[in-house]
Enquirer: 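One structure, as structure tokens, below. Some questions next.
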Amino acid sequence: MVYHHKDSIRDVLEAYYKMNAPIGLVPTMGALHHGHLELIARSQAENAITIISIFVNPTQFDNAGDLEKYPRTLEQDVAMIKELAGNFIVFNPSPEHLYEDDVRSQSYDFGGIEKEMEGAHRTGHFDGVGTVLSLFFKALKPTNAYFGEKDFQQLQIVRKLVEIESLPVTIVGCPIVREESGLAMSSRNKRLNETELEEATLLHKTLLGATERFESHTIEELKKWAIHEFEKNPNIQLEYFEIAEADTLTSVSEKKKNTQYRVFLAAFVGPVRLIDNMALN
Ligand code: PAF
């Protein structure tokens with residue numbers, strides 16, 4: 001059920017290719033949580049088989065410490081997927097095998113989206129994401145691939161990737177899954193202690209506050225307000241708070257009529273970097 005080699009997983013998929021049966025792919029870096037399980041369940045409902053890739057992709061990390069500390073819990077992950085009782089296989093290659101001994105990113109032009117927000121703060125991040133997903137899509141040939149909107153910018157990058165490389169896969173975006181506290185589910189939450197988990201709810205509270213104030217405040221006022229909210233808690237460092245057009249992800253300083261906006265933020269809670277976002281109108 002867990003495959004480490006492209007050839008052996010393709011042997012299983014061959015029967016599905018022949019029958020033209022839809023194959024779902026849920027790309028993950030493991031340390032699965034309920035957000036991932038929602039993506040897997042949706043894929044299982046819409047496809048004959050679901051591949052869950054569990055691969056901590058070295059080329060998308062710009063910080064060696066972050067890569068090293070990323071939680072790796074393969075056995076636990078597989079047990080969680082089994083509980084869903086749908087048809088699945090897991091793909092868990094080594095970096096050397098997946099990248100054919102050349103563990104490096106390609107350089108992509110995603111039309112500028114890659115330079116905003118996460119791209120501006122994590123050098124080479126989206127080149128790494130684009131490279132690994134292109135390898136997965138080409139090796140596994142899924143019909144549909146599922147991504148959470150917590151990484152909204154990543155979702156837009158993936159849509160652009162399949163357009164640029166003319167890959168025959170449908171990209172499905174799925175809503176953010178939150179803890180009862182409002183905290184967006186993330187594998188990184190596993191690194192937070194109890195106090196930090198409570199403090200981290202500031203991210204969601206600030207997004208909600210921004211949606212409530214969106215009509216009555218200018219963008220500049222909203223930014224000042226958000227920065228002030230974060231300054232009240234010295235254990236949380238706001239990295240960015242941006243309001244961007246939902247389709248181009250260009251950060252804006254003024255609102256235009258008939259335009260959809262989203263608010264995005266990234267913050268360090270203690271040593272752990274978290275991101276979140278929300279539709280504004
Ligand atoms: O969102 C993630 O977990 C990763 O960026 C992804 C899409 C699995 C690529 O490594």
Side-chain angles (χ1 to χ4, degrees), residues 6 9 24-40 42-43 50-63 66-74 76-77 80-81 88-99 103-106 108 110 113-114 116-119 121-140 142 144-162 165 167 169-177 184-191 249 264 266 272-277:
K6 291 182 241 182
I9 195 161
L25 171 67
V26 181
T28 83
M29 297 208 295
L32 301 187
H33 50 68
H34 283 281
H36 291 118
L37 294 186
E38 297 253 330
L39 300 182
I40 297 168
R42 169 129 184 225
S43 171
T50 291
I51 312 162
I52 299 106
S53 61
I54 297 186
F55 178 70
V56 182
N57 175 32
T59 63
Q60 71 186 73
F61 286 80
D62 62 344
N63 175 324
D66 196 22
L67 170 61
E68 194 191 314
K69 289 198 191 88
Y70 203 87
R72 288 161 172 87
T73 55
L74 182 63
Q76 218 174 299
D77 292 344
M80 281 173 82
I81 306 169
F88 77 94
I89 48 179
V90 169
F91 185 43
N92 173 237
S94 71
E96 293 68 29
H97 174 66
L98 184 70
Y99 281 84
V103 186
R104 274 190 299 177
S105 310
Q106 281 195 55
Y108 283 100
F110 291 115
I113 324 174
E114 73 280 14
E116 304 283 336
M117 301 179 291
E118 287 304 282
H121 289 88
R122 300 180 70 188
T123 317
H125 173 65
F126 287 126
D127 280 341
V129 170
T131 305
V132 77
L133 291 175
S134 173
L135 288 170
F136 282 142
F137 292 152
K138 287 173 185 157
L140 306 171
N144 302 302
Y146 297 77
F147 295 86
E149 287 187 347
K150 183 178 74 67
D151 298 289
F152 194 85
Q153 192 177 3
Q154 169 172 276
L155 176 60
Q156 304 295 68
I157 292 272
V158 183
R159 292 191 199 284
K160 200 81 195 162
L161 172 76
V162 301
E165 298 198 337
L167 299 168
V169 50
T170 301
I171 303 303
V172 185
C174 303
I176 299 175
V177 183
M185 290 198 184
S186 162
S187 304
R188 290 169 192 266
N189 295 352
K190 290 200 167 84
R191 292 178 53 204
L249 297 193
F264 296 83
V272 183
R273 186 175 185 279
L274 300 176
I275 60 172
D276 203 348
N277 71 89

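Counting starts at 1 for both ligands and their atoms, following the listed order. The model shown is predicted, which means the values in this text are computed figures rather than measured ones.
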Enquirer: What's the verdict on side chain to side chain contact (heavy atoms under 4.5 Å, CB included) for V56 and F61, showing C-alpha distance, side-chain angles and the deciding distance?
Expert: CA-CA 9 Å; V56 182; F61 286 80; 3.9 Å; yes

Enquirer: Please give the N or O to N or O pairs under 3.5 Å between ligand 1 and the protein, distances rounded to 0.1 Å.
Expert:
unit_1	atom_1	unit_2	atom_2	d
ligand 1	1 (O)	Q154	NE2	2.9
ligand 1	5 (O)	Q60	NE2	2.9
ligand 1	5 (O)	Q154	OE1	2.7
ligand 1	10 (O)	Q60	OE1	2.6

Enquirer: Output yes when a side-chain donor or acceptor of K6 lies under 3.5 Å from a complementary backbone atom of L140, and no otherwise.
Expert: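 Such a contact is absent between K6 side chain and L140 backbone.
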
Enquirer: Any side-chain heavy atom of I52 sitting closer than 4.5 Å to one from D77?
Expert: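 They are not in contact (no side-chain heavy atoms under 4.5 Å apart), so the answer is no.
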
Enquirer: Answer yes if the side chains of S134 and E165 hold a donor-acceptor pair under 3.5 Å, and no otherwise.
Expert: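 Side-chain D/A pair, S134 to E165: present.
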
Enquirer: Can a donor-acceptor pair be found between the side chains of Y99 and N57 at a distance below 3.5 Å?
Expert: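 A donor-acceptor contact under 3.5 Å links the two side chains.
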
Enquirer: With sequence neighbours left out, what residues match K160 under salt bridge (charged side-chain N to carboxylate O under 4.0 Å, His left out)?
Expert: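 Salt bridge (charged side-chain N to carboxylate O under 4.0 Å, His left out) list for K160, sorted by chain: E163.
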
